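Right, one structure below, let's go through it.
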Amino acid sequence: MHLHLAYPAVLAVLLFCVGLYGVLARRNAILVLMSVELMLNAVNLNLVAFDVWLRDTLHAGQALTLFTIAIAAAEIGIGLAIVLAVYRNRGTSAVDDLRDTAERPGDDGGSDPEGAAAEETDEPAPGASQKAEATA
């Protein structure tokens, strides 16, 4: 039996394109991780298809596919842990809302001079009551 390389290659290209669209267009971090997995599966399909097509005696494509699956499993485990931690802290898993995670005002421990002055005098900051009402 002779394998036509075009069939798995076209399927891999379609899978990769769907994954690329998901990475670029989705806003949910979990859907982005799923799209990355689709892209990795497209690569795995190509590795196995070329391994069979080339009739490699070492089966290097299949061995490399096993390594890729192991890396993908570790990536999804760590990625989901990060997404869950961010979701618990922020209340959202939208990628656009997470771009400001590096620095938020008031989280850096006293670099805000107005907040430091308010702590020294034991008087609330000018907008503190409005912030308390907005969070309640």
Side-chain angles (χ1 to χ4, degrees):
M1 181 174 161
H2 182 39
L3 173 73
H4 294 284
L5 189 60
Y7 299 129
V10 168
L11 180 62
V13 166
L14 290 175
L15 275 175
F16 194 86
C17 288
V18 169
L20 186 64
Y21 172 75
V23 167
L24 296 176
R26 297 293 176 188
R27 300 293 177 236
N28 190 348
I30 294 175
L31 292 178
V32 170
L33 286 174
M34 288 175 60
S35 298
V36 170
E37 291 295 322
L38 273 177
M39 293 168 66
L40 287 172
N41 284 330
V43 171
N44 288 340
L45 182 62
N46 267 336
L47 283 171
V48 171
F50 276 98
D51 182 51
V52 171
W53 185 64
L54 293 173
R55 294 185 180 95
D56 186 15
T57 57
L58 295 176
H59 299 292
Q62 293 178 21
L64 198 56
T65 297
L66 289 176
F67 284 116
T68 307
I69 290 171
I71 290 172
E75 174 257 334
I76 201 70
I78 292 171
L80 279 176
I82 291 171
V83 168
L84 285 174
V86 168
Y87 181 77
R88 285 182 183 165
N89 286 336
R90 295 288 179 126
T92 183
S93 62
V95 178
D96 289 340
D97 296 340
L98 301 179
R99 290 187 182 167
D100 61 344
T101 57
E103 292 184 24
R104 290 191 324 198
D107 283 351
D108 51 355
S111 68
D112 186 18
E114 294 174 7
E119 289 176 10
E120 292 173 1
T121 60
D122 292 333
E123 295 177 8
S129 62
Q130 294 173 352
K131 289 180 186 176
E133 291 173 8
T135 58

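Here the structure is a predicted model, which is why all the values come from computation and not from measurement.
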Could you tell me whether the side chain of [Y] reaches within less than 4.5 Å of the side chain of [X], counting heavy atoms only?
X: Leu45; Y: Asn41; value: no
X: Glu75; Y: Leu33; value: yes
X: Gln62; Y: Leu47; value: no

Which atom of [X] lies closest to which atom of [Y], heavy atoms considered:
X: Ala42; Y: Leu15; result: CB-CB, 3.8 Å
X: Gly19; Y: Leu38; result: CA-CB, 4.1 Å
X: Leu40; Y: Ala72; result: CD1-CB, 3.6 Å

Roughly how far apart are [X] [atom1] and [Y] [atom2], rounded to 0.5 Å?
X: Leu80; Y: Ser93; atom1: CG; atom2: OG; answer: 10.5 Å
X: Phe67; Y: Thr65; atom1: CZ; atom2: OG1; answer: 11.0 Å
X: Ile71; Y: Leu66; atom1: CD1; atom2: CG; answer: 11.5 Å

Please walk me through it: do Val48 and Asn44 pass side chain to side chain contact (heavy atoms under 4.5 Å, CB included)? CA-CA 6 Å; Val48 171; Asn44 288 340; 5.6 Å; no
Is Val86 reachable from Ile78 through a run of hydrophobic residues whose side-chain heavy atoms are each under 4.5 Å from the next? yes
With the 4.5 Å side-chain cut-off for hydrophobic clustering, are Leu24 and Val36 part of the same group? yes
Assess whether side chain to side chain contact (heavy atoms under 4.5 Å, CB included) is satisfied between Asn28 and Val95, documenting all intermediate values. CA-CA 6 Å; Asn28 190 348; Val95 178; over 6 Å; no
